[in-house]
Amino acid sequence: MRLITHNMLKSNIKGVVSGYPLQIESDKVEVEECPFDVEATNAMLSRINFSALKAAANALNITSISDLEELPDQDCRDETLLRTLHHILFEVHVIEGYLICPETGRKFPIHDGIPNMLLHEDEV
């Protein structure tokens, strides 16, 4: 699961008011390089919840954005920063672990990089 995916997921358990952002508990993380695309990275900036991204990065011991207060504008020209964000959003993959609902503590498993967000019958 890429961190771009994590940034868009939330817990939909019945009765949960704010199931976002999900916490990450990782057992296995891999970095898989992919081509850097300035336009694609810039386009994602307006869609990212930065506090959730920072929390996810911190959970995975990625400190490269911990000093950053906010995301740059969508038309960012700082290539070093864009490469850092590209790396965090697109190249870091949680292979095994859990996504944890911030309200209920329910753990959603991640196996082979795929988060299983299916709810139990009593959670629907």
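Because the structure is predicted, anything quoted here is derived from the model rather than measured.
- Across all non-hydrogen atoms, the minimal contact from Ala43 to Ser46 is O-OG, 3.7 Å.
- Here the straight-line distance linking atom CD of Gln23 with atom NZ of Lys107 works out to 10.0 Å at 0.5 Å rounding.
- There is no path of hydrophobic side-chain contacts, each under 4.5 Å, that joins Phe90 to Ile114.
- Cluster membership check: Ile95 does not share its hydrophobic cluster with Ile88, using side-chain heavy-atom separations under 4.5 Å among Ile, Leu, Val, Met, Phe, Trp and Tyr.
- Atoms CD and OG1, on Glu79 and Thr84 in that order, are 10.5 Å from each other to the nearest 0.5 Å.
- Looking at heavy atoms from C-beta onward, Asn49 lies out of side-chain contact with Pro21 at the 4.5 angstrom threshold.
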Fill in: Residues Thr63, Asn61; criterion side-chain hydrogen bond (donor to acceptor under 3.5 Å, both in side chains); working and verdict
CA-CA 6 Å; Thr63 59; Asn61 297 316; over 6 Å; no
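- Classification of Glu30 and Lys28 as a salt-bridged pair holds, one side-chain N sitting under 4.0 Å from a carboxylate O.
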>> One pair to check against side-chain contact (heavy atoms from CB on, under 4.5 Å): Leu53 and His6. What are the steps and the verdict?
In response: CA-CA 8 Å; Leu53 181 62; His6 167 266; over 6 Å; no
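- Both Val29 and Leu3 sit in one connected hydrophobic cluster of ILVMFWY residues. Membership requires side-chain heavy atoms under 4.5 Å apart, directly or through other members.
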Stepwise side-chain contact (heavy atoms from CB on, under 4.5 Å) test for Lys10 and Asn12: CA-CA 6 Å; Lys10 73 176 206 165; Asn12 288 314; 3.2 Å; yes
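- Taking CG from Leu82 and CG from Asn42, the interatomic distance works out to 5.0 Å, rounded to the nearest 0.5 Å.
- In this structure, the separation between CG on Leu22 and OG on Ser11 is 6.5 Å, given to the nearest 0.5 Å.
- Nearest heavy-atom pair across Cys76 and Leu81 is SG-CD2, 4.4 Å.
- For the atom pair CD1 of Ile13 and CD of Glu103, the computed distance is 9.0 Å after rounding to the nearest 0.5 Å.
- Under the 3.5 Å distance criterion, the side-chain polar atoms of Thr5 are left unmatched by any main-chain donor or acceptor of Met1.
- For the residue pair Val94 and Ser26, the shortest heavy atom distance occurs at CG1-CB, 4.2 Å.
- Formation of a donor-acceptor pair under 3.5 Å by the Glu33 side chain with backbone atoms of Glu91 is not found in this model.
- Judged purely by atom type and a 3.5 angstrom limit, Tyr20 uses its side chain to pair as donor or acceptor with the backbone of Asn7.
- No path of Ile, Leu, Val, Met, Phe, Trp and Tyr side chains, each step under 4.5 Å between heavy atoms, connects Ile100 with Leu60, placing them in separate hydrophobic clusters.
- The distance from atom NZ of Lys54 to atom CG of Leu68, rounded to the nearest 0.5 Å, is 6.5 Å.
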Practice prompt. May I have the step-by-step check of side-chain contact (heavy atoms from CB on, under 4.5 Å) for His87 and Ser64, ending in yes or no?
Written response: CA-CA 10 Å; His87 169 74; Ser64 53; 5.6 Å; no
Handout entry: Worked verdict on Asp37 versus His86 for side-chain contact (heavy atoms from CB on, under 4.5 Å)
Key = CA-CA 8 Å; Asp37 184 338; His86 167 85; 5.7 Å; no
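- At a threshold of 4.5 Å between side-chain heavy atoms, the hydrophobic network of Ile, Leu, Val, Met, Phe, Trp and Tyr places Leu9 and Met44 in one connected group.
- Around OH of Tyr98, the count of heavy atoms belonging to other residues, nucleotides or ligands within 6.0 Å does not exceed 12.
- The two residues Met117 and Leu99 come nearest to each other via the heavy atoms SD-CD1, 4.0 Å.
- Looking only at distances, a side-chain donor or acceptor of Asn116 sits under 3.5 Å from a matching main-chain atom of Leu118.
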